[in-house]
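Please read the structure below before turning to the comments.
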Amino acid sequence: MSSVTELKERHLAATETVNNLKHRLKQRRLSLLDTDIAGYARSQGKSSVIFGPTDLVCCRTLQGHTGKVYSLDWTSEKNRIVSASQDGRLIVWNALTSQKTHAIKLPCAWVMTCAFSPTGQSVACGGLDSVCSIFNMNSPTDRDGNLTVSRTLTGHKGYVSSCQFLPDEDTHLITASGDQTCVLWDITTGLRTSVFGGEFQSGHTADVLSISINGSNSRMFVSGSCDATARLWDTRVASRAVRIFHGHEGDVNSVKFFPDGNRFGTGSEDGTCRLFDIRTGHQLQVYHNQHSDNETAHVTSIAFSISGRLLFAGYTNGDCYVWDTLLAKVVLNLGSLHNSHEGRITCLGLSADGSALCTGSWDTNLKIWAFGGHRTVI
């Protein structure tokens with residue numbers, strides 16, 4: 001008995017030591033953050049981006065889903081969008097005409113994520129069935145007019161929360177899951193190439209909610225999790241995370257690489273967005289939401305403009321802020337416009353050429369917002 005008591009005491013002492021070290025690390029990190037991007041930009045006399053009433057306008061509403069929209073993705077050639085909804089369907093839209101080119105009935109209605117392949121020939125989706133299903137857009141339909149699944153990627157032990165193809169190839173894809181892991185798949189064979197996390201110590205300790213692959217270096221990707229951290233991974237070294245990023249005080253719902261590939265943004269349940277540097281591991285900026293009530297609206301999804309000067313963030317209360325990343329100021333709230341969504345913003349994404357933003361919502365609709373004039377290059 002004494003040995004059990006002794007073990008418990010040693011465990012408690014070790015836990016206290018770990019917690020003290022974590023606190024000291026947090027204090028040390030804070031002491032190193034002598035300034036942030038906005039503070040430096042202000043000291044250099046930088047002025048904020050100014051948005052007029054015609055600089056970002058809703059030009060189309062895509063109607064067709066009968067359930068909440070959970071995910072969307074653009075093709076690399078800009079004019080097509082795929083969306084996933086609680087109605088158990090994927091819809092592929094022509095963004096220029098609002099026409100539906102495909103409506104795919106899913107084997108599992110509880111879909112959480114969708115993605116186009118780089119060529120736009122395939123779409124992937126995943127959800128509560130714990131598998132990632134691949135559909136080939138050019139495949140023949142069955143007797144009922146439905147596309148059949150061309151490949152099923154099985155192996156996760158929890159829901160599939162996010163998926164993204166590697167740039168420039170339709171044969172490899174990364175998924176994130178509620179089983180606390182990310183997986184790199186070979187779609188040709190249907191097999192797992194690498195598993196990130198799981199039994200490895202540097203893996204996430206809770207559900208992984210989001211991933212983003214570095215556009216400048218496709219071997220690197222970042223993941224966000226319910227453990228309130230983001231982690232950077234190298235696909236060549238699955239056994240350990242390259243770096244762990246702390247700072248959030250809630251689930252990290254969304255991660256997105258900055259256009260230059262050296263930084264990435266996060267959106268969290270704690271109501272903030274943050275910008276991190278992958279080279280130093282430092283937090284560069286916090287973007288606090290500015291709601292007047294005491295309720296904190298959670299961030300559900302984020303995206304950057306082509307240059308990175310703008311950060312788009314969707315919130316659970318229906319707001320969609322356009323942040324000036326340099327000065328950490330909100331320059332526009334799409335949620336305040338007369339033709340905005342009537343429910344929570346769940347997903348958003350920028351077209352490949354940066355000329356349009358698409359948002360998806362619990363109100364079952366998607367909206368396309370077009371940049372006017374000079375805004376296309378921001």
* Asked: Is any side-chain heavy atom of Lys68 less than 4.5 Å from a side-chain heavy atom of Thr346?
  -> no
* Thr316 backbone acceptor or donor facing Thr300 side chain under 3.5 Å -> no
* So which heavy atom on His65 is nearest to which on Ser85, and how close? -> ND1-CB, 3.1 Å
* Asked: Between Gly197 and Thr181, what is the shortest heavy-atom contact and its length?
  -> C-CG2, 4.1 Å
* To do: Could you check Arg10, Glu9, His11 and say which one makes a side-chain contact (heavy atoms from CB on, under 4.5 Å) with Leu7?
  => Arg10
* Inspect the surroundings of CD in Gln44 and state if more than 12 heavy atoms from other residues, nucleotides or ligands are less than 6.0 Å away. => yes
* State, with a plain yes or no, whether a side-chain heavy atom of Tyr315 is found less than 4.5 Å away from one of Val299. => yes
* Any residue meeting salt bridge (charged side-chain N to carboxylate O under 4.0 Å, His left out) with Asp270, in chain and number order, not counting sequence neighbours -> Arg274
* Quick one: pull up SG in Cys163 and CG in Leu173 and give me the separation to the nearest 0.5 Å. => 5.5 Å
* Structure fact -> Hits for salt bridge (charged side-chain N to carboxylate O under 4.0 Å, His left out) against Asp234, two or more places apart or cross-chain, chain-then-number order -> Arg236
* Could you tell me whether the side chain of Trp369 reaches within less than 4.5 Å of the side chain of Asn339, counting heavy atoms only? => yes
* **ILVMFWY network linking Trp93 to Leu106, side-chain heavy atoms under 4.5 angstrom** => no
* Just do the salt bridge (Lys or Arg N to Asp or Glu O under 4.0 Å) check on Arg89 and Asp87 with the steps written out, would you? => CA-CA 6 Å; Arg89 291 181 186 277; Asp87 61 16; 5.5 Å; no
* Given Tyr287 and Val330, is the side-chain contact (heavy atoms from CB on, under 4.5 Å) satisfied, shown in steps? -> CA-CA 9 Å; Tyr287 304 90; Val330 175; over 6 Å; no
* Might you point out which heavy atoms bring Cys182 and Val208 nearest each other, and give the distance in Å? => SG-CG1, 3.8 Å
* Would you say the side-chain atoms of Gln99 pair up with the backbone N or O of Asn94, donor to acceptor, closer than 3.5 Å? -> no
* Asked: So, do Pro167 and Pro118 sit near enough that their side-chain heavy atoms are less than 4.5 Å apart?
  -> no
* Working for side chain to side chain donor-acceptor pair (under 3.5 Å), residues Thr61 and Gln63 -> CA-CA 6 Å; Thr61 298; Gln63 296 176 311; over 6 Å; no
* Asked: Does Asn333 use its side chain to pair, donor to acceptor, with the backbone of Cys320 at less than 3.5 Å?
  -> yes
* Asked: Can you tell me how far the CZ atom of Phe165 sits from the OG atom of Ser122, to the nearest 0.5 Å?
  -> 5.5 Å
* **Donor-acceptor pair, side chain of Ser254 and main chain of Ile302, under 3.5 angstrom** => yes
* Should Leu332 and Leu310 be regarded as members of a common hydrophobic cluster, given that ILVMFWY residues are connected when their side-chain heavy atoms come within less than 4.5 Å of each other, either directly or indirectly? -> yes
* Do any N or O atoms from the side chain of Thr188 and from the backbone of Thr171 form a donor-acceptor pair under 3.5 angstrom? -> no
* CH2 of Trp233 to OG of Ser202: how many Å apart, nearest 0.5 Å? -> 4.5 Å
* To do: For residues 245-260, pull every pair meeting salt bridge (charged side-chain N to carboxylate O under 4.0 Å, His left out), keeping only residues two or more places apart or in separate chains.
  => Asp260-Arg263
* Asked: Are Leu350 and Phe116 connected in the hydrophobic side-chain network, where two residues link if heavy atoms are under 4.5 Å apart?
  -> no
* To do: Look only at the side chain of Ser351 and the backbone of Ser355, and say whether a donor-acceptor pair between them is shorter than 3.5 Å.
  => yes
* **Within 6.0 Å of CD in Gln121, more than 12 heavy atoms from elsewhere** => yes
* To do: Using the rule that two of Ile, Leu, Val, Met, Phe, Trp, Tyr join whenever any of their side-chain heavy atoms come within less than 4.5 Å, decide whether Trp362 and Leu366 are in one cluster.
  => no
* Asked: Less than 6.0 Å separating the ring centroids of Phe196 and Phe221?
  -> yes
* Asked: What's the verdict on side-chain contact (heavy atoms from CB on, under 4.5 Å) for Ile104 and Met137, showing C-alpha distance, side-chain angles and the deciding distance?
  -> CA-CA 10 Å; Ile104 304 167; Met137 298 281 96; 3.5 Å; yes
* To do: For Ile211 and Ala176, work out which heavy atoms get closest and say how close.
  => CG2-CB, 3.7 Å
* To do: Could you pull out the closest heavy-atom pair between Val149 and Ser133, with the gap in Å?
  => CG1-CB, 4.1 Å
* Asked: NZ/Lys367 to OG1/Thr359 distance, rounded to the nearest 0.5 angstrom?
  -> 7.5 Å
* Asked: Do Ser161 and Asp207 come close enough that some side-chain heavy atom pair is under 4.5 Å?
  -> no
* In one Ile/Leu/Val/Met/Phe/Trp/Tyr side-chain cluster, 4.5 Å: Phe51, Leu337 -> yes
* Does the side chain of Ile81 reach to within under 4.5 Å of the side chain of Ile368, using non-hydrogen atoms? -> yes
* To do: Take Ser340 and Leu334, measure what side-chain contact (heavy atoms from CB on, under 4.5 Å) needs, and give me the verdict at the end.
  => CA-CA 6 Å; Ser340 60; Leu334 299 182; 5.6 Å; no
* Is any side-chain heavy atom of Trp185 closer than 4.5 Å to a side-chain heavy atom of His172? -> no
* Working to the nearest 0.5 Å, report the span between CG of Leu166 and OG of Ser117. => 12.0 Å
* Determine which pairs satisfy salt bridge (charged side-chain N to carboxylate O under 4.0 Å, His left out) with at least one residue from residues 165-186, sequence neighbours left out, and list them in order. => none
* Asked: Is there a donor-acceptor contact under 3.5 Å from the side chain of Thr205 to the main chain of Asp227?
  -> no
* Asked: Looking only at atom types and distance, does a side-chain atom of Asp363 sit under 3.5 Å from a main-chain N or O of His341, one as donor and one as acceptor?
  -> no
* Asked: So which residues get pulled into Phe264's cluster when ILVMFWY side chains under 4.5 Å apart are joined, directly or through others?
  -> Met220, Val222, Leu232, Val242, Phe245, Val252, Val255, Phe257, Phe276, Ile278
* Asked: side-chain contact (heavy atoms from CB on, under 4.5 Å) between His156 and Val183: does it pass, once the steps are laid out?
  -> CA-CA 8 Å; His156 277 300; Val183 171; 3.4 Å; yes
* Asked: Does Asn214 reach the main-chain N or O of Gly261 with its side chain, forming a donor-acceptor pair under 3.5 Å?
  -> yes
* Test item: Thr325 side-chain N/O and Gly308 main-chain N/O as donor-acceptor pair under 3.5 Å -> yes
* Should Gln164 and Ile174 count as side-chain neighbours, where that means a heavy-atom distance under 4.5 Å? -> no
* Structure fact -> In this structure, CG of Leu90 is separated from CG of Leu72 (nearest 0.5 Å) by 12.0 Å
* Which other residues belong to the hydrophobic cluster containing Leu209, where Ile, Leu, Val, Met, Phe, Trp and Tyr are joined when side-chain heavy atoms lie under 4.5 Å apart, directly or via other members? -> Trp110, Met112, Leu128, Tyr159
* To do: Kindly give the heavy-atom pair with the smallest separation between Trp74 and Ala95, and that separation in Å.
  => CZ3-CB, 3.8 Å
